[in-house]
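Working notes, structure below.
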Amino acid sequence: MKNYYLLLITILLFTNNALDAQTKTYLSNAVNIAGKQRMLGQRMAKDRVFMAANKNKIAASKELENTIINFEKSLKILEDFAPNETIKHKVTVQSYVFNKYKKAVNSRSLASLNDVIETNTMFLTVCDDVVNELINYSKTLNSEGGNNHQKYVIDKIAEATGASGKLRYLTQRLTLYYSLNEFGFKKITPLEIEDISKKIDLNLGYLSVLEFNTLEIDDSLSEVQYYWNQLKGFIYKDGKIDLTSKKINAVAMYNLCNTILGKANATTKLYTDLNKQ
């Protein structure tokens, strides 16, 4: 069965369907870019917290600067691409919220730090709305013409890209929450960390059994899983999240989660390229 899916993907990559080749490639990239915006928003909050705590300050400051630049560039791409009024509106909302969020991130006052801590989840939701709207748009295009097998595989690849993309922002959100607790900026419960951990496990489990995974994707997922298992060994004790033993500090968490982010980003790009038509 897996060979069937690989053959079908090969056919899809070299066969025109309802979408023009250039448009499909661009749409696929737009979905990936929008998904990455969720991660960038969480990374801004994480870096702001580390700078406020005077921990890993040089690395966090440099990363924050690059993150803001990348978000602004990606936002321009999404604004130029927006193929309908609904998506255009969602991107406009994202731009408006980002400008306010950026001011709080760039400020060094305690009030602005609290604003970032309290609004990062809302900003994540705004970014997620853009991703979901682009995926919905993609599905409407896939419904025009083509056969049922083609539609099924294209839709499933889109879902896989979304699941893989979630791993990226979850790594940054995990570091953010862990550091908030360690630095004393906000009390984070084990259940909140557990929720993030379960989402990572859920998405990795879903991706690992997909029949259209290529060998390259399987290898990439294995690397994500390897480093994720390492991290879990530091934060779990007797099958439960343990925030008291401190087997890993926030700076080490920062670095390890960034390693997982890099691996997850490579995996997401591989799934994106499967729909490059």
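Keep in mind it's a predicted model, so treat the numbers as computed, not measured.
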By salt bridge (charged side-chain N to carboxylate O under 4.0 Å, His left out) - contacts of Glu216 (at least two apart): none

Do [X] and [Y] make a side-chain contact, defined as non-hydrogen atoms from C-beta onward lying under 4.5 Å apart?
X: Glu79; Y: Thr92; answer: no
X: Asn265; Y: Lys36; answer: yes
X: Leu243; Y: Glu182; answer: no
X: Val31; Y: Thr272; answer: no
X: Gln37; Y: Leu78; answer: yes
X: Leu167; Y: Leu204; answer: yes

Tell me, please, which residues at least two apart from [X] pass side chain to side chain donor-acceptor pair (under 3.5 Å).
X: Tyr254; result: Asp47, Glu63
X: Arg38; result: Asp128
X: Thr189; result: Glu192
X: Lys237; result: none

Using side chain to side chain contact (heavy atoms under 4.5 Å, CB included) as the criterion, list what pairs up with [X], not counting sequence neighbours.
X: Glu72; answer: Ile68, Phe98, Lys102
X: Thr267; answer: Ser164, Ser220, Leu221, Val224, Tyr271
X: Glu133; answer: Thr86, Ile87, Lys90, Asn136

If you look only at pairs with a residue in residues 214-234, which of them pass as a ring-ring contact (aromatic ring centres under 6.0 Å, His included), with sequence neighbours excluded? none

According to ring-ring contact (aromatic ring centres under 6.0 Å, His included), does anything in residues 154-177 pair up with another residue at least two apart or in another chain? List the pairs. none

Do the side chain of Ser208 and the main chain of Gly205 share a donor and acceptor less than 3.5 angstrom apart? yes

Run the ring-ring contact (aromatic ring centres under 6.0 Å, His included) test against Phe123 and tell me which residues pass, sequence neighbours left out. Phe71, Tyr101

Whether Lys156 and Glu159 form a salt bridge (side-chain N of Lys/Arg under 4.0 Å from carboxylate O of Asp/Glu) is what I want to check. yes

For residues 239-248, the side-chain hydrogen bond (donor to acceptor under 3.5 Å, both in side chains) pairs (sequence neighbours left out) are Asp242-Thr244, Asp242-Ser245

